[in-house]
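If you read the sequence from its start, that first residue is 1, and numbering goes on from there. In listed order, ligands and their atoms are each counted from 1. Every value quoted in this text rests on a predicted model; they were computed, and no experiment measured them. Basis for what follows: all heavy atoms, side chains included, without hydrogens, waters or symmetry-related copies.
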Amino acid sequence: MRSAIVKAALLGIGLLALLIGLYSYGTVGQRAKSAEDEVKYLIGVSQPNLVEPWRVMMNEEIKREVEKHADLRVIFTDAANDSRQQADDVRKLMGYGIDLLIISLDDPVMLTPIVTDTFRNIPVIVLGRGVTGYDYTLYIGTDNRLIGSKAGEYAKQLLDNGSGKRIIEIKGLQGAPTVEERSAGFHEALADREDIRIAASIYADWQRDKSEDELNELLADHADVDLIFAHNDAMALGASKALAHHRISGVTIIGVDGVNSDNGGLQLVKNGVLTGTFTSPTGGGEAIQYAVDILNEEKGIPKKVILRSHQITADNAESFERKTAVSEVKPRRGITDHRPIRIGFAQVGTESGWRLAHTKSVISAAKEEGIELLFEDADQQQEKQIEYIRKFIAERVDIIVFSPVIKTGWDEVLREAKEAGIPVILSDREVKVSDDSLWTAYIGSDFTEEGRRAARWLVQELADAEGGVNIVELQGTKDSGPMAGRKQGFEDIIAQDGKYRIVDSLQGDFTFISGKELMHEALKKHGSNIHVVYAHNDDMALGAIEAIEHAGLRPGKDILVISIDATKAALKALAAGKMNFVVECTPLLGPQLMKAVKDYMAGKELPMKIITSEGVFTQETAKRELANREY
Ligand code: AHR
């Protein structure tokens, strides 16, 4: 909360701001008389430029949301495309005593250090385009690889099979992760079409004018182009101007952003300048909503919120505009019927301590929110989960929630739910389906990052160890999301050093007994040549510990044990020195799930993914954590 001195100083900022190019916004500015009493939190918003319509829209959305909070004041800065200036802006904002920083940036190399520094002192929300690493409170943005891949699929559709189709790709800023991801997704999607060639890729720093200039130059030598994919609509517009300059017609242009403003992508599609665009929601409104929760120290703030991208073409531009108009947000059935919301929850099973805690969290959060919950336990069997989902469809619940036991095989039943008009929220595990509109939101962990964290610890711990490091991996349920992600993330990191070898990767199912039996087998085969056990969850690790002790070896000493979940039982083993490192995967997803359910019923569009914030534990930190552990 702001001190009286700082609050008083706020009134002076408006004046100062005019002198140094900052500008402030909030209810206080509109009602200066009572400002001193009402300002509770001061938020700084740092933008790299305000030339792009997408950034202007982001600020508009921030302002619109701020208007709902009488006690918030926001100071905006615009660095006019100068990264040094943006770093200075952040320092100035800190000097004004902001309570929270919202930053959107183009240049992660220059700006990650200042974001890291700021995060040491106050919460930071990174918006739209990311920084490298994890030194921030919350990231809100889109799945850029997915956007690139959807643009690629669309390009294939537009360029019929035939000979020699040429594409020019216009990218944002060189080296920015957003750019690399959009480009990688685009290239991957095109890989199966030999008749399509990316003839040229140019960087235009997200700027319309630069895109026009660069393309003008390129077209002077290579006027032969069938399609242009620009990483944002501003650059797509610049491209259309360059084409017009060279009197080239018939070229399809695809952009990204879909902002509804003059010269924004939605209007450009409506008036035929672009063939299509993919929305990249700015997240401005969500940033303020989460900022308030963070400042009020609410529990369960996620680490990442990934917003859904929609395709806009001439066919749906009008209806998209109507649907997304602010006034159109209407509560859905259930709220309007004045009856309790009813959800059906098809749980995986009871395989682990984590799972029991997850079930408990969902049931008690539903109860707390007055939401009626129909609960079914599928005993780790996909057929049963499908049967329960069908049952929920027949019972016409408002929302279906499930944790898919494995990733694939859900298309048919999810299509049935969609046809019945029942949204599906994935709690804890993701699915792999051909059409991502078959599910509404995913709330859970980043399993690949969990695997990376486990491996990063190992690589650091054994940095000085000489000779090879032999690892036994105990995998979770075959084809499940956590098993695939944890395996991949771990492998990615250890692959960077040849001394780490996975000597056996054994298929388990997240149960204690599978961990014990598999470790018993591994010990029979490799004896004391095993240096490390990497278990995909705590239950399997605890089972492995029993097997190691049974073989007369000391877990945590003769064999290092690393695991994922951070249940109380595992932290006890860690504190007792029988394990060495545990990556947290929180099962306490109930409150976030119920918030999403209520938001959906209130008529809001849910984020595509809400990724939970999680920590890691060593033998030392486990001792401290044990007293607070809820599961
Ligand atoms: O999907 C999450 C995983 O499922 C947990 O890590 C594991 O313990 C559980 O069974």
>> Under 4.0 Å, counting heavy atoms only: does E430 come that close to any atom of ligand 1?
In response: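 E430 does not count as a contact of ligand 1 under the 4.0 Å cut-off.
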> When you measure from atom 3 (C) of ligand 1 to each heavy atom in E351, M540, M483, R429, which option holds the nearest one?
Replying inline: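 Ranked by closest heavy atom to atom 3 (C) of ligand 1, first place is R429.
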> What part of R486, side chain, backbone, both or neither, has a heavy atom within less than 4.0 angstrom of ligand 1?
Replying inline: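 R486 to ligand 1: side-chain contact only, backbone stays beyond 4.0 Å.
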>> We want to know whether T618 and E620 form a side-chain donor-acceptor pair, criterion being a heavy-atom distance below 3.5 angstrom.
In response: no
Which atoms of ligand 1 sit under 4.0 Å from any heavy atom of [X]?
X: D428; answer: 1 (O), 2 (C)
X: D565; answer: 5 (C), 6 (O), 7 (C), 8 (O)
X: P482; answer: 1 (O)
X: S352; answer: 7 (C), 8 (O), 9 (C), 10 (O)

> Taking only residues at least two apart or on different chains, which pairs with a member in residues 568-581 satisfy side chain to side chain donor-acceptor pair (under 3.5 Å)?
Replying inline: E549-K578
>> So that I know where these two stand, are F510 and W354 an aromatic pair - ring centroids less than 6.0 Å apart?
In response: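 No: the rings miss the under 6.0 Å criterion.
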>> With a 6.0 Å cut-off on the ring centroids, do F375 and F345 count as close?
In response: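 Between F375 and F345, the centre distance is under 6.0 Å.
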> Under the criterion ring pair (Phe, Tyr, Trp, His ring centres under 6.0 Å), which of Y442, W439, W410, F392 is the partner of F402?
Replying inline: W410
>> Does the plane of the ring in W457 sit parallel, tilted or perpendicular to the ring in F581? Use 30° and 60° as the thresholds.
In response: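 The rings of W457 and F581 lie parallel, inter-plane angle below 30°.
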